[in-house]
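These notes concern the structure reproduced below.
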Amino acid sequence: MNILLTGGTGYIGSHNAVVLAQAGHEAILFDNLCNSSKDVVQRLEKIIGKPITFIEGDVRNTELLVEVMRNHQVDAVIHFAGLKAVGESVANPLLYFANNVQGTISLLLAMQQLEIKTFIFSSSATVYGEPVYLPYDEAHPTNPINAYGDTKLQVEIILRDLAKSDPQWKIACLRYFNPVGAHESGFIGDDPSGIPGNLMPYLARVASGSLQYLSVFGKDYETRDGTGERDYIHVMDLAEGHMAALDFLANNSGLHVVNLGTGKPASVLECVKAFEGAVGKNLPIQFAPRRDGDLPIYFAKADLAKEKLGWIAARTLDEMCASAWHFQQVQSSQSKSSTEST
Ligand code: NAD
Ligand code: WQD
């Protein structure tokens, strides 16, 4: 199949491109490069061993989307394009609603115009908000506690009504937990610009020495060791979950909301320990106050993905940390050699 990956040069989209290409699909990457760089395309071509189509553009440009999807005879769309920084969303909600909600409406209108009705959406566990119970299953109430989560929930509501209006739509709404790690090559991974907000890329920079120490946000939570617990999932498991969803949609119409997580929470200190195991040395940490907006613990009930998609997340926390560390080392050596050659 010809599959359009909006946000395809981003962290999760690029890993999906590898899995799709290796399964024999044609991935067409569409990205405005607001949070990724074009050199991801060349890195992907090194991994998959063949050219990959990349088109620079914004999902809010409906006409361009129609032209691209018509020219490439797109059969299905996986929609990764979106802004995802929680703090930024609270400070600038209009930017997030314009990009994440209007952008998705634009994409769906273009698809409808071309009668393309197979759609996978990158949703987030953030839609659940404060846990009424744990683990979160897909029936858990959805009450986001930030504008970013609101944009994801708004899109889910749009998809629900769209599926009700036209039974030909085949839609998977995948609620990701905490994607981490990198492809085994080390050519692609989570490489945020500036100081990382997320734990794993921050740990990688501490391990490489480019950041001094990790601030552990809170050690008095009611968790195993007092630090926050999350459901970390290897980005390659996540990509394989999208492949499973695509196969499922081939024979199933309607809207299908599914958690993509491991169901096994890990604390900040457990992540530090696993990362130290990957690096082979202790990493400096300092305990700091809780971070505003953080929940103590959340993790997935992952059963529905297994029942519906025949998919489970198989990779361990140690493998997640080892791949993140390998990616950091490859990036550091590449940037070192590029500065030496200039
Ligand atoms: P990312 O920022 O690495 O990738 C998103 C990509 O979309 C970037 O390459 C960016 O340039 C592009 N983009 C953004 N707005 C665009 C627009 N208007 N038009 C075209 N391209 C646009 O983020 P990611 O971690 O790969 O996340 C991918 C998706 O998964 C996002 O929708 C995000 O909300 C969702 N998600 C991410 C996480 C996570 O922790 N990484 C968790 C749950 C859900
Ligand atoms: C994980 C744990 C922190 C950094 C975010 C978004 C969520 C989703 C996934 C998009 C927490 C602790 C972190 C640090 C720390 N993204 N931490 N020191 O906040 O669970 O989820 O990414 O959908 O919407 O909110 O991920 O990696 O920021 O934090 O102690 O320097 O690590 O307190 O317990 P989070 P995170």
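Given the structure is predicted, the values throughout are model-derived calculations rather than measurements. Both ligands and their constituent atoms are indexed starting at 1 by order of listing.
- Two residues are said to be in side-chain contact when any heavy atoms from C-beta on lie closer than 4.5 Å; Arg290 and Tyr221 meet this criterion.
- The protein atom (non-hydrogen) at minimum distance from atom 26 (O) of ligand 2 is Asn178 ND2, 3.3 Å.
- Within the structure, the closest approach of Arg175 to ligand 1 does not fall below 4.0 Å when heavy atoms are considered.
- At under 3.5 Å, a nitrogen or oxygen of Cys34, whether backbone or side chain, sits near a nitrogen or oxygen of ligand 1.
- Between Thr126 and Lys152, the closest side-chain pair of non-hydrogen atoms is not below 4.5 Å.
- Counting heavy atoms from C-beta on, the side chains of Leu33 and Phe54 come closer than 4.5 Å.
- Counting only heavy atoms of the protein, atom 18 (N) of ligand 2 lies nearest to Ser215 O, 2.8 Å.
- If you check which protein heavy atom lies closest to atom 33 (O) of ligand 2, you get Asp294 OD2, 2.6 Å.
- Those atoms of ligand 2 with a heavy atom of Leu214 less than 4.0 angstrom away are 14 (C), 18 (N), 31 (O).
- Of all atoms in ligand 1, numbered sequentially from 1 with element shown, those under 4.0 Å from a heavy atom of Ser36 are 8 (C), 9 (O), 11 (O).
- Those atoms of ligand 2 that come under 4.0 Å of a heavy atom in Gly228, given as number and element, are 34 (O).
- Residue Phe177 has at least one heavy-atom neighbour below 4.0 Å for each of these atoms of ligand 1: 42 (C).
- Near Gly197, meaning under 4.0 Å from any of its heavy atoms, are these atoms of ligand 2: 4 (C), 28 (O).
- Not a single heavy atom of Thr6 sits closer than 4.0 Å to an atom of ligand 1.
- Shortest contact from atom 4 (O) of ligand 1 to any protein heavy atom: Gly10 CA, 3.5 Å.
- Phe119 has its side chain within reach of Leu108: a pair of non-hydrogen atoms, C-beta onward, lies under 4.5 Å apart.
- A continuous path of hydrophobic side-chain contacts links Leu159 to Val59 [ILVMFWY only; heavy atoms under 4.5 Å].
- Under a hydrophobic-cluster definition in which Ile, Leu, Val, Met, Phe, Trp and Tyr are linked whenever side-chain heavy atoms come within less than 4.5 Å, directly or via other members, Val40 and Phe187 are assigned to the same cluster.
- Between Leu29 and Leu44 the shortest side-chain heavy-atom distance falls below 4.5 Å.
- Side-chain contact, Asn259 with Tyr128: a donor N or O sits under 3.5 Å from an acceptor N or O.
- Within the structure, ligand 2 has Tyr232 among the residues with a heavy atom less than 4.0 angstrom away.
- No side-chain donor-acceptor contact under 3.5 Å links Ser332 and Gln329.
- The part of Lys152 lying near ligand 1 is the side chain, judged by heavy-atom distances below 4.0 Å.
- The closest non-hydrogen atom to atom 22 (O) of ligand 2, taken over Val86, Asn198, Asp190, Ile195, comes from Asn198.
- A donor-acceptor pair shorter than 3.5 Å cannot be found between the side chains of Thr53 and His72.
- For ligand 1, none of its N or O atoms has an N or O atom of Tyr176 under 3.5 Å away.
- Ligand 2 has at least one atom lying under 4.0 Å from a heavy atom of Tyr298.
- Residue Leu33 has at least one heavy-atom neighbour below 4.0 Å for each of these atoms of ligand 1: 11 (O).
- Shortest contact from atom 30 (O) of ligand 2 to any protein heavy atom: Phe217 N, 2.9 Å.
- Between Leu83 and Ser89, the closest side-chain pair of non-hydrogen atoms is not below 4.5 Å.
- Atoms of ligand 2 lying under 4.0 Å from any heavy atom of Val216, numbered from 1 in the order shown and given with element: 30 (O).
- Every N/O-N/O distance between Phe30 and ligand 1 stays at or above 3.5 Å.
- Ranking the protein heavy atoms by distance from atom 25 (O) of ligand 1 puts Lys84 NZ, 2.7 Å first.
- In this structure, atom 19 (N) of ligand 1 lies nearest to the protein heavy atom Val59 N, 3.1 Å.
- For the pair Asn99 and ligand 1, the shortest N or O to N or O distance falls below 3.5 Å.
- Shortest contact from atom 27 (O) of ligand 1 to any protein heavy atom: Ile12 CD1, 3.9 Å.
- Near Thr126, with a cut-off below 4.0 Å to any heavy atom, the atoms of ligand 2 are 7 (C), 23 (O), 24 (O).
- Contacts of Leu199 with ligand 2, taken as heavy-atom pairs under 4.0 Å, involve both backbone and side chain.
- With ligand atoms numbered from 1 in the order given, ligand 1 contributes 29 (C), 30 (O), 32 (O), 35 (C) to contacts under 4.0 Å with heavy atoms of Ser122.
- Using modelled atom types, no side-chain atom of Ser123 and backbone atom of Arg175 make a donor-acceptor pair closer than 3.5 Å.
- With respect to atom 20 (O) of ligand 2, the closest heavy atom belonging to the protein is Arg230 NE, 2.6 Å.
- Inter-residue side-chain proximity for Met236 and His15 is flagged as met; some heavy-atom pair is nearer than 4.5 Å.
- Glu88 and Tyr148 form no side-chain donor-acceptor contact under 3.5 Å, judged by distance and modelled atom types alone.
- Between Leu4 and Ile116 the shortest side-chain heavy-atom distance does not fall below 4.5 Å.
- Here's the thing with Ser123: none of its N/O atoms is less than 3.5 angstrom from an N/O atom of ligand 1.
- For atom 12 (C) of ligand 2, the closest non-hydrogen atom on the protein side is Val268 CG2, 3.7 Å.
- Taken to the nearest 0.5 Å, the CG atom of Leu174 stands 8.0 Å off from the CG atom of Leu238.
- Summary of contacts: the protein heavy atom closest to atom 34 (O) of ligand 1 is Tyr148 OH, 2.6 Å.
- Here Thr227 has no heavy atoms under 4.0 Å from ligand 2, in either its backbone or its side chain.
- Taking a cut-off of under 4.0 Å to the non-hydrogen atoms of Ser124, the atoms of ligand 1 that pass are 43 (C), 44 (C).
- Heavy-atom proximity to Gly57, at under 4.0 Å, picks out these atoms of ligand 1: 19 (N), 20 (C).
- Ligand 2 places these atoms under 4.0 Å from at least one heavy atom of Tyr148: 10 (C), 23 (O), 24 (O).
- The single protein non-hydrogen atom nearest to atom 16 (C) of ligand 1 is Asn32 ND2, 3.4 Å, given as residue, atom name and distance.
- Within the structure, ligand 1 lacks Gly8 among the residues with a heavy atom less than 4.0 angstrom away.
- A distance-only check finds no donor-acceptor pair linking the side chain of Asp318 to the backbone of Gly277 [under 3.5 Å].
- When only non-hydrogen protein atoms are considered, atom 29 (C) of ligand 1 lies nearest to Phe80 O, 3.1 Å.
- Using a 4.0 Å cut-off between charged side-chain N and carboxylate O, Lys308 and Glu138 make no salt bridge.
- Side-chain polar atoms of Ser122 and Tyr176 form a donor-acceptor pair below 3.5 angstrom.
- Considering backbone and side-chain atoms together, Asn35 places an N or O closer than 3.5 Å to an N or O of ligand 1.
- Relative ring orientation between His256 and Phe248 is described as perpendicular, the plane-to-plane angle rising above 60° on a 0-90° scale split at 30° and 60°.
- For ligand 2, the atoms sitting less than 4.0 Å from at least one non-hydrogen atom of Ser124 are 23 (O), 24 (O), numbered in the order shown with element in parentheses.
- The shortest contact between atom 10 (C) of ligand 1 and any protein heavy atom is with Asp31 OD1, 3.4 Å.
- Here the heavy atom of the protein found nearest to atom 28 (O) of ligand 2 is Arg291 NH2, 2.9 Å.
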